[in-house]
Amino acid sequence: MAARIWIFSVAVALFLSFSSGHDLQIVNAERRIDLSSHIVNAFLTLKVENIGKDPAADMLLAFPPTQIKHLSMVQAMAITGKKKKKTYLPLDVKPTEQPDAPNDTGYFLVSFATPLTPGETVTLEVLYILTHSLEPFPSEIAQSESQLVYYRDSAVILSPYHIKQQTTFFKTPSARVESFTSVDPANRAGKEIKYGPYEDRAPYSYAPVIVHFENNSPFVVVEELVREIEISHWGSLQITEHYRLTHGGARHKGVFSRVDYQSRRSISGSSSFNALLAVLPPKVNSVYYRDNIGNISTSHLRTGFKKSELEFEPRYPLFGGWRATFIIGYRVPLEDYLFEAPDGRRYLNFTFGCPLVETIVNKLTIKVVLPEGSKDPSTVLPFTVNQDLQVKYSYLDIVGRTVVVLQKDNVVPTHNVPFQVYYTFKPIYMLAEPFMLVSAFFFVFVASLAYVHIDLNIVKK
Amino acid sequence: SDAIQTGSFKIDSHRSARSKRRRRDLSVAKMETAKPIGSPIPVAIYPTLSVFTLAIGLVITAFFFIYEATSSRKNRSLGMELASATVASVFLGFGSLFLLLASGVYV
């Protein structure tokens, strides 16, 4: 009997120690969800208090299983100081698994800079980005109709902790909101829908709401992007990008009337887009834009000191479900991107992600082609990607060039951060290419020498 | 993860312009301490260099072939032939490399 009680109490103690959710409490939570574009940005301000007896080193952020699939990025910052003198300290966020997750909830673990002592509060600002979360409804629209989408979320923030007070704001791009689920107290003022304030909600409480609103922002989705960055130690970096672009919104049904499209542009094809903007590095030259047919001339390049902008148009405007495939290539000088590390290795410092603005990339592949003779490649990235090594044979190659392949899914413009690729290279290997050319010419001379010297007479003169 | 900016976090817009400038200057200063690697020869002189080396190479090739044509079997000197062949091929090889680089094929 005593043994059974002892085993039960140990089991309870173990259960309590595993569920690290019970000694923190969220005093105030404010969530602002920006639904203006097809990339949903959510800002969560949490005031967390430690009501337990032990210092807390981290806390959990919970997401429903439907959102976890579409979550592109989660960032957290700790805010200290007041109004004008606020300092922001980035915190480490990692996805994690909890053994007793109800209904397949997904978790992210935020590690505090310094463990939170009992009784102390800290204010955190969390940004999370959702892709493919706006579902077009109706799913098919004609040319003259506007695009309406559903956004599904909860009025109450899903959290493993008790939340004392919370408010959620949804910001829509236009004042046209067809409907929104009413969870008392909820009201709408122009482009903003306010859910709350809600008091004293238990952990894991969830109140599903659907907001049905008009969103005509361009739903530019790149299904696949392959970016090849070729390093040449003779002075340039050649970047070639292969795009497969689609319109990710409500599918187009019926005919496409060019007359309607051109004469009544404001009503016709309000959710379609025909212009795209790519932000390129500042000192860019030899930019080309072409596809399988040939060169596409509808483009404008504006070079600048901080960045260059390439405004280009596909051959036709894109309506829901339509696709466009094209290649953009450009060259940048090498000294802006290749540096020497203190330990003698060389590294390429380049920006990850897609140069197009406000686009989601479903599958991004970046191939960094290192010059022949490079050894020991390694990469430094602020987030996880799938890495691979390949070999590419290009001009004047004998053994081939090492290619570092980085692959990532669900990429948003917030992923445009610098990354580094380190490798070792002995400068003497640069002479291999001219040596190959010199020996080719020398072979021609030797052949002509041999021809002149060889005596093919049968009878000696 | 030092000095790696975590992207365009929208909270940046809440900061004052002065602290933003300070943060940008700091990242520029960090970049300047890293030693940039460029081409061993300035890229701007590739076309000029290719013209001159190819010209010299072709002149020596011409000398080589004229020597072959005008000399007879007896007073032909193998050393002279090989020397001019080597020098000509070196100049022609480098000249064609710079020609490739000048025309945009960065090998």
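Residue numbering restarts at 1 for every chain, and letters A, B, ... go by the order of the sequence lines.
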Exercise for the section: Could you tell me which of B/Gly57, B/Gly38, B/Ala85 has the largest number of non-hydrogen atom pairs under 4.5 Å with chain A? Expected result: B/Ala85
Practice task
Working to the nearest 0.5 Å, report the span between OH of B/Tyr106 and CZ of A/Arg331.
Solution key: 5.5 Å
Exercise for the section: To the nearest 0.5 Å, tell me how far B/Ile37 CD1 sits from A/Leu338 CG. Expected result: 4.5 Å
Exercise for the section: Look up atom OG in A/Ser236 and atom CG in B/Leu101, then write down how far apart they are to the nearest 0.5 Å. Expected result: 9.0 Å
Practice task
Would you indicate whether the side-chain heavy atoms of B/Pro36 and A/Tyr337 approach each other to under 4.5 Å?
Solution key: no
Handout entry: Enclosure of B/Phe52 CZ (heavy-atom neighbours >12, cutoff 6.0 Å)
Key = no
Practice task
Name the region of B/Thr61, side chain, backbone, both or neither, that has any atom closer than 4.5 Å to a heavy atom of chain A.
Solution key: both
Exercise for the section: Take atom CG of A/Leu431 as the centre, draw a 6.0 Å sphere, and report whether it contains more than 12 heavy atoms from other residues, nucleotides or ligands. Expected result: yes
Completion exercise
Tightest non-hydrogen contact, residues A/His233 and B/Pro40, listed as O-CD, 3.9 Å
Handout entry: Distance-minimising heavy-atom pair for B/Glu81 and A/His453
Key = OE1-NE2, 2.9 Å
Exercise for the section: Work out which heavy atom in A/Ser232 is nearest to a heavy atom in B/Val107; give both atom names and the distance. Expected result: OG-O, 3.2 Å
Exercise for the section: Grab the two heavy atoms, one from B/Arg73 and one from A/Val452, that are nearest each other, plus how far apart they are. Expected result: NH2-O, 3.6 Å
Handout entry: Distance in Å, B/Ser89 OG paired with A/Phe442 CZ, rounded so as to fall on 0.5 Å steps
Key = 5.5 Å
Practice task
With rounding to the nearest 0.5 Å, note down the distance linking CH2 in A/Trp234 to OH in B/Tyr46.
Solution key: 6.0 Å
Exercise for the section: Verify the neighbour count for atom NZ of A/Lys392: are there more than 12 heavy atoms of other residues, nucleotides or ligands below 6.0 Å? Expected result: yes
Handout entry: Enclosure of A/Phe443 CZ (heavy-atom neighbours >12, cutoff 6.0 Å)
Key = no
Problem - Contacting region of A/Gln238 [heavy-atom separation from chain B under 4.5 Å] - result: neither
Exercise for the section: For A/Tyr395, look at atom OH and say whether over 12 heavy atoms of other residues, nucleotides or ligands are found less than 6.0 Å away. Expected result: no
Problem - Interatomic distance, B/Leu97 atom CG to A/Met430 atom CE [nearest 0.5 angstrom] - result: 8.5 Å
Practice task
Write down the atom of A/Leu449, the atom of B/Glu68, and the distance for their closest heavy-atom approach.
Solution key: CD2-OE2, 3.6 Å
Completion exercise
Applying a strict 4.5 Å limit to non-hydrogen atoms, the region of B/Phe65 in contact with chain A is side chain
Exercise for the section: Identify the two heavy atoms, one from A/Gly235 and one from B/Val43, that lie closest to each other, and give their separation to 0.1 Å. Expected result: CA-CG2, 4.1 Å
Fill in the blank from the handout: Checked A/His415, A/Glu433, A/Glu230 vs chain B; the most non-hydrogen pairs under 4.5 Å come from A/Glu433
Practice task
Could you tell me whether the side chain of B/Phe64 reaches within less than 4.5 Å of the side chain of A/Ser448, counting heavy atoms only?
Solution key: yes
